[in-house]
Amino acid sequence: MRVFSKSQKLDHVLYDVRGPVVDEAARMEENGMKILKLNIGNPAPFGFTAPEEVIFDMRDAIAKSQGYSDSRGIFAARKAIMQYAQIKKIPNVTIKDVFTGNGASELIQLSMHALLNNGDEILIPSPDYPLWTACANLAGGKAVHYICDEQSDWYPDLADMESKITDRTKALVIINPNNPTGALYPREVLEKIVDIARRHELIIFSDEIYDRLVMDGGEHISIASLAPDLFCVTFSGLSKSHMVCGFRVGWMILSGNKAIARDYIEGVNMLSNMRLCSNVPGQSIIQTALGGYQSVNEYIVPGGRIYEQREYVYKALNDIPGISAVKPKAAFYIFPKIDVKKFGITDDTRFALDFLREKRVLLVPGSGFNWHQPDHFRVVYLPRIPELKEAVDKMGQFLEHYHQ
Ligand code: PLP
């Protein structure tokens, strides 16, 4: 008898950490080759370090964090997140509406499991951070993708979003700031999304894990702040803003009209109880991390590493004939377009594999982000400029002769 896993439902999931391109890179490394990895949004290997105070506080907390906590999290962490929600003008949030998680990832999965029955639909962006699609499908729901429009700074195509709503649609997801495009949505766009959700009675899930990595003086607006009459769930965490992906510290905030979501909230509480609690030493740094001086701000202004690396990679990629890219406004990703006619490209995974084998640089093809044309790839611009230059130069050389 063959035993099939439920994970068979997951096609093309998390190409940044698994799948044919990453597998090939691992094989090449096993054979002693050095691979330049621009595939994963993990700052620590590129020399970004957590603020000292955060490390100090976690060390101090370890001995006191041996027991399970309240399943939502310790009081001090949830209070700090609640106050953060107040600063972001997210309405109607009490301490009971805040859940800590082992990264936002755990809570994304939990929130989809609590919501979706077989066949229920949820609107998810294309391109997306593919965990959303995976979790929706694994929960038994159906991820329905709406297009984000490259011509309009990668903002959601609102007409497309609305056209995909059916009587099975329960919710919509936005990722703002966006992975993989680096887009930051302005108030007008967010208001129109709220309007769609309001007219069709949809829950809004907003993944805002990059909200503290916004450049060019832009303002991040939490969509929940514009929707006090709707039920919203906002996700964030410390992985990116405090460069501690490995500590697994995330949270979600329920807000707005909680009365309409009473059953759902009960389900969320039940699933939260089932996993007992999130890592308690991880929770212990949330208060320190969210208060006071934010060292991440030094990275995202002129002269700062993330800002300067973005400036470099944006220009250098656009200088390659056949490549064009919208300037990212936030996070540390860029999602360039390849002229598929020029290079005869019909399969973006093959493109990423060919580039990897020839130049030993690991990129993620657009299809890894549920982008349904073979004409994009994502670059993580966390490495320092000399390494980025090496990667972009290699892409330029590769495309001088490449034809699929
Ligand atoms: N959401 C988005 C948009 C991400 O890009 C990531 C990680 O790359 C996550 C969530 C997961 O974050 P965490 O480390 O908190 O699980």
Side-chain angles (χ1 to χ4, degrees), residues 13-19 22 37-46 48 50 54 73 77 81 84 98-112 122 124-136 143 145 148 154 156 172-185 204-214 220 222-223 233-253 275 278-279 281-283 285-286 289-290 296 306 328-335 363-364 366 368-371 378-382:
V13 169
L14 295 188
Y15 254 26
D16 51 349
V17 289
R18 60 181 285 276
V22 173
K37 292 183 187 153
L38 306 183
N39 61 313
I40 179 164
N42 185 18
F46 299 106
F48 290 94
V54 162
I81 296 163
Y84 188 68
V98 174
F99 294 76
T100 62
N102 295 304
S105 304
E106 182 189 34
L107 297 170
I108 290 171
Q109 188 167 2
L110 188 155
S111 64
M112 293 295 97
I122 180 163
I124 293 180
S126 167
D128 68 347
Y129 176 62
L131 184 68
W132 279 101
T133 295
C135 290
H145 292 116
C148 294
W154 285 115
L172 66 83
V173 175
I174 66 166
I175 301 169
N176 175 41
N178 192 269
N179 175 9
T181 65
L184 174 70
Y185 301 162
I204 297 176
F205 291 91
S206 186
D207 182 340
E208 305 185 354
I209 196 146
Y210 298 99
D211 74 335
R212 279 148 279 149
L213 287 161
V214 171
H220 177 266
S222 273
I223 193 166
V233 187
T234 305
F235 298 79
S236 193
L238 300 183
S239 289
K240 317 292 173 168
S241 62
H242 291 73
M243 313 293 173
V244 290
C245 291
F247 288 6
R248 312 307 299 126
V249 188
W251 59 82
M252 73 179 180
I253 302 167
R275 53 100 212 221
S278 71
N279 176 308
Q283 295 176 39
I285 60 171
I286 292 176
L290 287 182
V296 66
I306 293 179
K329 306 280 189 312
F332 33 64
Y333 309 103
I334 188 164
F335 198 56
L363 300 170
V364 184
F369 305 97
N370 292 298
W371 181 252
R378 186 189 73 174
V379 177
V380 174
Y381 59 82
L382 285 168

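Position 1 is the first residue of the sequence; numbering continues from there. Each ligand, and each atom within it, is numbered from 1 in the order the structure gives.
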Just distances here: any N/O of A104 and N/O of ligand 1 closer than 3.5 Å?
yes

Structural part of S105 in contact with ligand 1, heavy atom criterion under 4.0 angstrom
both

Using heavy-atom distances only, which candidate in V380, V244, I209 approaches atom 12 (O) of ligand 1 most closely?
I209

R248 heavy atoms within 4.0 Å reach ligand 1 at atoms 13 (P), 14 (O), 16 (O)

Is it true that the side chains of D128 and T133 contain a donor and an acceptor less than 3.5 Å apart?
yes

If you apply the rule side chain to side chain contact (heavy atoms under 4.5 Å, CB included), what do you find for H242 with R212, and how did you get there?
CA-CA 9 Å; H242 291 73; R212 279 148 279 149; 4.0 Å; yes

May I ask whether G237 has any heavy atom positioned less than 4.0 angstrom from an atom of ligand 1?
no

Looking only at N/O atoms, are N102 and ligand 1 under 3.5 Å apart anywhere?
no

Do K240 and ligand 1 have an N or O pair less than 3.5 Å apart?
yes

Heavy atoms, side chains only, cut-off 4.5 Å: are I286 and T100 in contact?
yes

Where ligand 1 meets S239 - atom numbers and elements under 4.0 angstrom, heavy-atom basis
13 (P), 14 (O), 15 (O)

I'd like to check which ligand 1 atoms, numbered from 1 as shown, lie under 4.0 Å from a non-hydrogen atom of I175.
3 (C)

Can you spot which of Y333, Y210, F335, Y185 makes a side chain to side chain contact (heavy atoms under 4.5 Å, CB included) with N178?
Y185

Looking at ligand 1, is there an atom of it that comes within less than 4.0 Å of some heavy atom belonging to G250?
no

L38 vs R378 side-chain heavy atoms within contact, under 4.5 Å:
no

Rounded at 0.5 Å granularity, tell me how far CG in D207 sits from OG1 in T234.
10.0 Å

Is E106 touching ligand 1 with its side chain, its backbone, both, or neither, if touching means heavy atoms under 4.0 Å apart?
neither

Can you name the one residue among W251, W132, Y129 that meets ring-ring contact (aromatic ring centres under 6.0 Å, His included) with F235?
W132

More than 12 heavy atoms of other residues, nucleotides or ligands under 6.0 Å from NZ of K329: is that the case?
yes

Determine whether a donor-acceptor pair (N or O, by modelled atom type, separation under 3.5 Å) exists between the side chain of K240 and the backbone of D211.
no

How does Y210 reach ligand 1, by side chain, by backbone, by both or by neither, if only non-hydrogen atoms under 4.0 Å count?
side chain

What atoms of ligand 1 come within less than 4.0 Å of a heavy atom belonging to G103?
13 (P), 15 (O), 16 (O)

